[in-house]
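First up is the structure itself, then whatever we jot down about it.
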Amino acid sequence: GWREAVSATARALLAGGLVAVPTDTVYGVACLAQDTGAVRSIYRLKGRDGGKPLAICLGDVDCIHRYCQVNVPDELLRDLLPGPVTLVLKRSEELNKDLNPFTSLVGVRIPDHSFVREVARACSGPLALTSANVSSQASTLTVSEFQDLWPHLSLIIDGGPIGDVQSPECRLGSTVVDLSVPGKFTIIRPGCALTSTVEILRQKYGLVPGSS
């Protein structure tokens, strides 16, 4: 089942589809970040303002350098990723210019969830990843919670409930931190891993909070 599910998901994505996948935080909808048509489909699906950026999801830390300009030590990346953290970095020329064309930055996710990372590896390029819910509605922890999106998806991977469905903390999503300014970090969204993330950035790497 596992290998078949990975290859079926990769096939759907490579064909330009949108796929619902479990991550380490909440359910997400993914498409190929380099496929402009698929990226536009995600915005339509979510009813999302085009000025709100999409994150990219990669299978491995080593891939970050291809799509981002990294000005922090590799060890810092590996201390936070894979994990429930989105790192915001300057984007490289390699990334699709139609993905978040209004900003020079991009959020990078490497979820601590082997399925979605295997899918990213199978697609050999970044996935655009957003939470599986209509914009401004609560994040989803089971596939039944986003039934209204089902008709618009090529494939839905049911990984079972993510975390405690009764706990509001489990719906916070990843902690989003901007590392694009050397020596500083700015928390964009507290998310579910704020304390541990800030501790690593401040105590181990000596970064100081920037202005949000």
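Keep in mind the model is a prediction, meaning the values are calculated, not measured.
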Check whether [X] reaches the backbone of [Y] with its side chain - one donor and one acceptor, N or O, closer than 3.5 Å.
X	Y	result
Thr140	Ala132	yes
Arg91	Leu99	yes
Thr175	Leu194	yes
Asp60	Asp62	no
Asp24	Asp112	yes
Ser124	Arg121	no
Lys46	Ser131	yes
Glu145	Leu141	yes
Ser167	Gly163	no

Please report the interatomic distance [atom1]([X]) to [atom2]([Y]), rounded to the nearest 0.5 Å.
X	Y	atom1	atom2	answer
Tyr67	Leu95	OH	CG	8.0 Å
Asp35	Cys123	CG	SG	11.0 Å
Leu14	Cys31	CG	SG	11.5 Å
Ser139	Asn133	OG	CG	5.0 Å
Thr9	Ile156	OG1	CD1	11.0 Å
Asp164	Arg171	CG	CZ	9.0 Å

Is it the case that one hydrophobic cluster holds both [X] and [Y], taking links as side-chain heavy atoms less than 4.5 Å apart, direct or via other members?
X	Y	result
Phe102	Val88	no
Ile157	Ile42	no
Val39	Leu129	no
Leu13	Val6	yes
Leu18	Ile56	yes

Check: [X]/[Y] side-chain N/O donor and acceptor closer than 3.5 Å:
X	Y	answer
Ser92	Glu94	no
Tyr205	Asp79	yes
Ser114	Arg117	no
Thr86	Ser174	yes
Lys52	Asn100	no
Thr25	Arg109	yes

Q) Looking at Thr142, Val21, Val143, which one forms a side-chain contact (heavy atoms from CB on, under 4.5 Å) with Asp158? A) Val143
Q. In this structure, which one of Leu58, Val106, Leu105 forms a side-chain contact (heavy atoms from CB on, under 4.5 Å) with Cys68?
A. Val106
Q: Take Lys204 and Glu199 through the side chain to side chain contact (heavy atoms under 4.5 Å, CB included) test and state the conclusion after the steps.
A: CA-CA 7 Å; Lys204 186 166 181 182; Glu199 192 172 303; over 6 Å; no
Q: Show your reasoning for whether side chain to side chain contact (heavy atoms under 4.5 Å, CB included) applies to Leu179 and Leu76.
A: CA-CA 11 Å; Leu179 296 178; Leu76 184 157; 3.8 Å; yes
Q. Are Glu118 and Arg3 close enough for a salt bridge, meaning some N to O gap below 4.0 Å?
A. yes
**Q.** SB check Asp178 Lys90 (cutoff 4.0 Å)
**A.** no
Q) Given the rule in the side chain to side chain contact (heavy atoms under 4.5 Å, CB included) test, do Val177 and Ile188 qualify, once you have shown the distances and angles that lead to the verdict? A) CA-CA 6 Å; Val177 57; Ile188 295 172; over 6 Å; no
Note, [X] side chain near [Y] side chain (heavy atom, < 4.5 Å):
X	Y	answer
Leu45	Val29	yes
Val198	Ile200	no
Pro111	Cys57	yes
Leu153	Val19	no
Leu127	Leu32	yes
Val72	Leu77	yes
Ile110	Leu80	no
Val165	Cys170	no

**Q.** Least distance between heavy atoms, Leu54 atom then Ala128 atom
**A.** CD1-CB, 4.2 Å
**Q.** Mutual orientation of the aromatic rings belonging to Tyr27 and Phe146 [parallel < 30°, tilted 30-60°, perpendicular > 60°]
**A.** tilted
